[in-house]
Structure formats: structure tokens, C-alpha cells
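First the structure, which I've put down as C-alpha cells, then a few questions once you've had a look.
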Amino acid sequence: MSLKNINTVLTTAFILFILWFGMDFIVRPETVAPGFGLPSWPSGDGGGFLVVKGVRDVVLALVLGVLLVTGHRRALGWVLLVESFAAYGDMTTVLAHHGSVATALGVHALTATLMAVNGLLVLRETRTAAPALRSA
């Protein structure tokens, strides 16, 4: 299997995972939120922020999907790298608010790192090859 095919499968898996997770936060925030890793449920009208997180995830997935479908692979690699910071941000948020270290590292940091690696692989796949030296 070529590097391009592997990258396409990995990227598609990320798109589907992020889209599914985002939609879950929009449709069923009370069910999904405890798995995010924060120690307490938002008080008052704070539950609306969970939907905001869901919308963010759906948009992140759609951006990746558009780049994948339209064949803009170099941009796809860069966006995967940039979007990995959202997951690193989620990890930092969970840790800063005394949430589950296991979830922060095992879910958010792992997802972010895999996205960054996927982005680097796509960038590697799309780099231009150096011109071959002519033999005399």
C-alpha cells in the first residue's frame, strides 16, 4: 500500500472520528461530556459550551474533508498539523482544571499526536523530489 493510500485512510478515520465526536456533543452533550475528562458538569447555563465544542469539532472535520476530497494534499497536511493543537488544547484544559490525567493523555494527547504524525506524513508524501543528478 502506498504512503498516499495510508495517509488517505488515516485522514478519513480522523475526519469520521472528529465528526462523530462533534455531533455527539451537539446531540447528546450530557452523555458524552463525562468522557471528556473534566471533573465536574458545567453549572447554570454552562452546558451550552458543550454544544460549542461540538460545533468546533464538526467544523474541524469538515475542513479536513473538503481538503481531502478536493485533492489539496499539501494544505491537508498543514491543516492536520494545525488542528492537532485543538486536541492539545483540550488536553491542557483537562489538566488545568484538575480533570482526569488518564483521559487528558490517553485521549486528547494521543489524538493530537496521531493527527500531527498524520499531518507530517501527508507533508512528506507531497514534498517535491530533488532533481536527479545526471551521470557524465
Side-chain angles (χ1 to χ4, degrees):
M1 188 182 281
S2 73
L3 181 58
K4 183 176 181 179
N5 289 341
I6 292 169
N7 289 336
T8 299
V9 169
L10 288 172
T11 303
T12 301
F14 274 116
I15 291 167
L16 294 174
F17 172 73
I18 296 167
L19 190 60
W20 166 74
F21 202 68
M23 290 302 296
D24 248 7
F25 260 94
I26 292 169
V27 176
R28 307 175 313 130
E30 68 283 346
T31 305
V32 181
F36 187 76
L38 292 173
S40 62
W41 182 259
S43 61
D45 199 23
F49 286 102
L50 300 173
V51 175
V52 170
K53 188 236 182 291
V55 170
R56 177 199 76 175
D57 287 351
V58 168
V59 170
L60 292 174
L62 292 176
V63 168
L64 292 172
V66 166
L67 292 172
L68 181 66
V69 169
T70 59
H72 291 88
R73 300 209 45 107
R74 188 117 184 112
L76 176 64
W78 283 110
V79 172
L80 277 162
L81 279 173
V82 170
E83 287 189 8
S84 72
F85 287 108
Y88 282 125
D90 291 345
M91 173 200 70
T92 303
T93 299
V94 170
L95 293 173
H97 290 89
H98 311 292
S100 166
V101 174
T103 302
L105 300 178
V107 174
H108 303 296
L110 180 61
T111 299
T113 302
L114 291 175
M115 280 184 79
V117 167
N118 189 195
L120 290 171
L121 287 172
V122 172
L123 289 173
R124 181 170 187 257
E125 161 209 324
T126 61
R127 74 175 182 225
T128 55
L133 296 174
R134 290 185 178 212
S135 19

Asn118 CG to Ile6 CD1 distance, which is reported to the nearest 0.5 Å: 10.5 Å
CG-CD1 distance between Leu80 and Ile15, expressed to the nearest 0.5 angstrom: 7.5 Å
Establish whether Val55 and Phe14 are linked, either directly or via other cluster members, by ILVMFWY side-chain heavy-atom contacts under 4.5 Å.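 Per the 4.5 Å side-chain linkage, Val55 and Phe14 are co-clustered.
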About how many Å separate CG of Leu67 and OG1 of Thr11, when rounded to the nearest 0.5 Å?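 Thr11 OG1 to Leu67 CG: 10.0 Å, rounded to 0.5 Å.
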Full working for side chain to side chain contact (heavy atoms under 4.5 Å, CB included) between Leu121 and Val117: CA-CA 6 Å; Leu121 287 172; Val117 167; 4.1 Å; yes
Count the heavy atoms of every other residue, nucleotide or ligand shown that sit under 6.0 Å from CZ of Arg74, and state whether that count exceeds 12.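 Count over threshold, so yes.
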Under 4.5 Å between side-chain heavy atoms, counting indirect links through other Ile/Leu/Val/Met/Phe/Trp/Tyr residues: same cluster for Val32 and Val94 or not?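 Yes, one cluster joins them.
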Of all heavy-atom pairs between Arg73 and Glu125, which one has the smallest distance, and what is that distance? NE-OE2, 2.6 Å
Less than 4.5 Å apart, any side-chain heavy atom of His72 and any of Val79? no
I need the minimum non-hydrogen distance between Ala61 and Ile18, along with the two atoms involved. CB-CG2, 3.9 Å
Test side chain to side chain contact (heavy atoms under 4.5 Å, CB included) applied to Leu123 and Leu81, step by step: CA-CA 10 Å; Leu123 289 173; Leu81 279 173; 3.5 Å; yes
Should Met91 and Val101 be regarded as members of a common hydrophobic cluster, given that ILVMFWY residues are connected when their side-chain heavy atoms come within less than 4.5 Å of each other, either directly or indirectly? yes
Does His108 use its side chain to pair, donor to acceptor, with the backbone of Phe36 at less than 3.5 Å? yes
For the hydrophobic clusters of this structure (ILVMFWY residues joined by side-chain heavy atoms under 4.5 Å, transitively), does one cluster hold both Leu68 and Leu64? yes
Heavy atoms of His97 and Thr93 approach each other most closely as ND1-O, 2.9 Å
Looking at Val58 and Gly22, what are the two nearest heavy atoms and their distance?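 Shortest heavy-atom separation between Val58 and Gly22 comes out as CG2-C, 3.8 Å.
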Within this structure, what is the CE-CG distance for the pair Met1 and Asn7, rounded to the nearest 0.5 Å?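 These two atoms lie 11.0 Å from each other.
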Compare all side-chain heavy atoms of Arg56 with those of Asp90 and state whether any distance is below 4.5 angstrom.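 With C-beta onward as the side chain, the pair touches.
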Rounded to the nearest 0.5 Å, what's the gap from CG on Leu105 to CG on Leu95? Could you check?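 Answer rounded to 0.5 Å: 6.0 Å.
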Positive for side chain to side chain contact (heavy atoms under 4.5 Å, CB included) with Thr12, one of Val9, Leu10, Leu16: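 Going through Val9, Leu10, Leu16 one by one, the side chain to side chain contact (heavy atoms under 4.5 Å, CB included) with Thr12 is satisfied by Leu16 alone.
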Is there a donor-acceptor pair under 3.5 Å between the side chain of Thr113 and the backbone N or O of Leu110?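 Between the backbone of Leu110 and the side chain of Thr113 there is no qualifying donor-acceptor contact (under 3.5 Å).
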Kindly determine whether Asp57 and Leu19 satisfy side chain to side chain contact (heavy atoms under 4.5 Å, CB included), including the steps that lead there. CA-CA 6 Å; Asp57 287 351; Leu19 190 60; over 6 Å; no
Phe17 and Phe21 aromatic ring geometry - parallel, tilted or perpendicular at 30°/60° bounds: parallel
Give a yes or no answer on whether the side chain of Arg124 reaches the backbone of Leu3 with a donor-acceptor pair at less than 3.5 Å. no
Met115 and Leu120: same hydrophobic cluster, using ILVMFWY side-chain contacts below 4.5 Å? no
Please name the pair of heavy atoms, one in Pro34 and one in Pro29, separated by the smallest distance, quoted to 0.1 Å.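 Taking every non-hydrogen atom into account, CD-O, 4.4 Å.
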Identify the heavy atoms of Ala109 and Tyr88 that sit nearest to each other, and give their distance.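 Heavy atoms of Ala109 and Tyr88 come nearest at O-CE2, 4.1 Å.
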Quick check for you: to the nearest 0.5 Å, what is the distance between Phe25 atom CZ and Thr31 atom OG1? 10.5 Å
